[in-house]
Amino acid sequence: MANVDKEFVKEITPRAVDFSQWYLDMVLKAELMDYAPVKGCMAIRPYGYAIWENIQRLLDGRIKATGHKNAYFPLFIPQSLLQKEAEHVEGFAPEVALVTQGGGEELTEKLVVRPTSEAIICSMYAKWVQSWRDLPLLINQWCNVVRWEKNTRPFLRTSEFLWQEGHTVHATEEEAEAETLQMLGVYKDFVENELAIPVVAGRKTEGEKFAGALRTYTIEALMSDGRALQAGTSHNLGQHFARVFEIQFQDKDDTLKYAWQTSWGVSTRLIGALIMVHGDDRGLRMPPQVAPVQVVIVPIIAKKSKEEVLAKARVLAERLGQTWRLELDEREGYSPGWKFNEWEMKGVPLRLEIGPRDLENGGVTAVRRDTGEKVFVAEAELEQRLPLLLKGIQEGLFAQALQFRRENTRQAVSYAEFKEIIAEKRGFVLAHWCGEPGCEEKIKEETRATIRCVPLEEIDGGEGPCIFCGRGRGKKVYFARSY
RNA sequence: CGGGGUGUGGCGCAGCUUGGUAGCGCGCCUGGUUUGGGACCAGGAGGUCGCAGGUUCAAAUCCUGUCGCCCCGACCA
């Protein structure tokens, strides 16, 4: 019908109308989360949590493959511990939640609900590290953290969120730096290959680095509204924490040395990135690698052939369910069209329709979520075709996101042009920067764009005068407005 | 924390200006007919209108206070 397109989206605000409302429609209507009674806190619903479980499984494998082991540290941190590292406390103090009472009595020392675990973990590491033989110490934990944010948004910025945080200790600065970069590489590989989100890897400026770190590296992704999102960070902590927490070891040369440390993390924010990078006006588009449901079978039931169709659908579901995360939608009382829309909204990569026509033809109709393309697949070829189709969707989503990023990464040659791009087109802007924090700060004030990172990869254009002050010589850096 | 908005069945809203004891759509339940892109008919359940005071014979409606949530800024994964 003529208004079919309108019908598809009647419950979803189009992205072009109000991106932020679209995002909220997505997280609520796809049942990823629901608002909880406390500000900024959300219940992650099964469909959303399944994404997180897939992220955990795939990333955890990579973390372990690089020699790290999982452990768990306490939720509560004595306030005095957090206060040991000056920059660290300054960075986090404004957003910590404090426990002042326990068992109905005032606590003698207030407890911080961890906003990050450097302090508590370092206090333990001080006990565990004695000798060079104890190093490197490579530990990761999956947990929740609490940051009392003023402005919250589901998955992107919540008062409590889930993440993993790796904390490692090394004998030398070189080793720590190598670890920091290795984990950044792990993140980039993971985000690009599993989440199908292209990222720029780079270093944060002094102004943007982690509170207490020597250097912070980041992977930055571009959302489809042209704003950037920090998708993961890896910090070289230097010896800052080792000195205040007295993490010392006796080296091979008999001398007592402070250790070198790193920390690195990604959070449930990645789910927000998945939504904003791949989603369209019909709903989510989940990359097959992390999709809670990779394949959905929708039987097309007509009175005459009901039993036959259902029987075949069940057989196929059983068979294909061995390999894929698969759902057979047998619900009665919903029309096929309704189910199509529902599963499209939930972003299931591949839909298999089985109806009387398909039975006659001896196969199923497969429909790709990314392109909408319909193809007939003979039953005998399912095991062979499905992996190819899903691989094609995974790669297709990445390719689309990469193309979008290319089209929305612009070079600015003058500050006027820079301002215009940021104001009207958004996206990444590559421009020379002299390295002065003052220029960075003024650009931020005037355009709300920040330096997302100083890219690790070589960028065409080499060094040049600063986009803002016109002086000095600096590399090209990525600017953007960000989440 | 500043600016704006908003709280009424599960969801989205109307009712408030001009007080009279709550309504619509969707969803939900039951039965039936349907089912290749959000089906239809019939019947039904469900709300002391965020909370607390006040005014009044009477408050969803007027007044005061308070809390939550959302959006836009400043700060952060």
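Numbered from 1 within each chain, the chains take letters A, B, ... in sequence-line order.
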J.: Closest approach to the side chain of A:Arg153, judged atom by atom: which nucleotide of B:rG36, B:rC72, B:rA77 is it?
T.: B:rC72
J.: May I ask you to say what A:Pro94 touches in the nucleic acid, namely base, sugar-phosphate or nothing, with a heavy-atom cut-off under 4.0 Å?
T.: nothing
J.: Check the distance between B:rC76's C1' and A:Arg452's CZ and give it to me in whole angstrom.
T.: 11 Å
J.: Is A:Thr365 touching bases, backbone alone, or none of the nucleic acid, heavy atoms closer than 4.0 Å?
T.: base
J.: In terms of the angle between their ring planes, are A:Tyr334 and A:Trp338 parallel, tilted or perpendicular, with boundaries placed at 30° and 60°?
T.: tilted
J.: Indicate the ring-plane relationship of A:Phe210 and A:His235, choosing parallel, tilted or perpendicular according to the 30° and 60° boundaries.
T.: parallel
J.: Determine whether a donor-acceptor pair (one donor, one acceptor, N or O, separation below 3.5 Å) exists between the side chain of A:Arg157 and the base of B:rC76.
T.: yes
J.: Indicate whether OP1 or OP2 belonging to B:rC70 is found under 4.0 Å from a side-chain N or O atom of A:Lys150.
T.: no
J.: Return the nearest nucleotide to the side chain of A:Gln230; candidates are B:rG38, B:rA77, B:rU35.
T.: B:rA77
J.: For a quick check under 3.5 Å, do A:Tyr217 and A:Glu177 share a side-chain donor-acceptor pair by atom type?
T.: yes
J.: Heavy atoms from C-beta onward define the side chain here; which of B:rG37, B:rC70, B:rU35 lies closest to that of A:Ile301?
T.: B:rU35
J.: With a 4.0 Å cut-off on heavy atoms, is A:Thr233 in touch with a base, just the backbone sugar-phosphate, or nothing at all?
T.: nothing
J.: The side chain of A:Glu342 lies closest to which of these nucleotides: B:rC71, B:rG38, B:rC70?
T.: B:rG38
J.: By nearest heavy atom, map A:Arg481 and A:Leu359 onto RNA chain B; which one lands nearer the 5' end?
T.: A:Leu359
J.: Measure from the side chain of A:Arg448, starting at C-beta and using heavy atoms only, and say which of B:rG36, B:rG37, B:rA74 lies closest.
T.: B:rA74
J.: With heavy atoms under 4.0 Å as the rule, sort A:Gly40 into base, sugar-phosphate or nothing.
T.: sugar-phosphate
J.: By a 5.5 angstrom centroid cut-off and a 30 degree plane limit, is there stacking between A:Phe161 and B:rA77?
T.: yes
J.: Answer with yes or no whether the side chains of A:Asn341 and A:Arg282 bring together a donor and an acceptor at under 3.5 Å.
T.: no
J.: Encode nucleotides 26-33 of chain B as B, S and - characters from 5' to 3', where the letter depends on protein heavy atoms closer than 4.0 Å: B to the base, S only to sugar-phosphate, - to neither.
T.: --S-----
J.: Categorize A:Thr158 for me: base, sugar-phosphate, or nothing, with a 4.0 angstrom heavy-atom threshold over every strand shown.
T.: base
J.: With heavy atoms under 4.0 Å as the rule, sort A:Gly355 into base, sugar-phosphate or nothing.
T.: base
J.: Taking the nucleotide of RNA chain B with the closest heavy atom to each, which residue, A:Lys339 or A:Thr152, is nearer the 5' end?
T.: A:Lys339
J.: May I ask you to say what A:Leu270 touches in the nucleic acid, namely base, sugar-phosphate or nothing, with a heavy-atom cut-off under 4.0 Å?
T.: nothing
J.: For A:Glu353, answer base if it contacts any base atom (sugar-phosphate contacts may also be present), sugar-phosphate if it contacts only those atoms, and nothing otherwise; contact means non-hydrogen atoms under 4.0 Å.
T.: base
J.: Does A:Arg351 put a side-chain nitrogen or oxygen below 4.0 Å from OP1 or OP2 of B:rG36?
T.: no
J.: State which of B:rG36, B:rA77, B:rC70 makes the closest approach to the side chain of A:Pro336.
T.: B:rG36
J.: OP1 or OP2 of B:rA77 sitting under 4.0 Å from any side-chain N/O of A:Arg147?
T.: no
J.: Kindly point out which of B:rG37, B:rG36, B:rC75 is positioned nearest to the side chain of A:Lys444?
T.: B:rC75
J.: Classify the side chain of A:Ser335 versus the base of B:rA39 as yes if they form a donor-acceptor pair under 3.5 Å and no if they do not.
T.: no
J.: Name the stems that RNA chain B belongs to, where each is three or more consecutive Watson-Crick or G-U pairs with both distances under 3.5 Å?
T.: B:1-7 with B:67-73, B:10-13 with B:23-26, B:28-33 with B:39-44, B:50-54 with B:62-66
J.: Base, sugar-phosphate, or nothing: which does A:Lys374 touch, judged by heavy atoms less than 4.0 Å apart?
T.: base
J.: With rounding to whole Å, what would you report as the distance between B:rU8 and B:rG47 at their C1' atoms?
T.: 8 Å
J.: From the options B:rU35, B:rG36, B:rC71, select the nucleotide whose nearest atom is closest to the side chain of A:Arg357.
T.: B:rG36
J.: Give me the ring orientation class for A:Phe19 and A:Trp22: parallel if the planes are under 30° apart, tilted from 30 to 60°, perpendicular past 60°.
T.: tilted
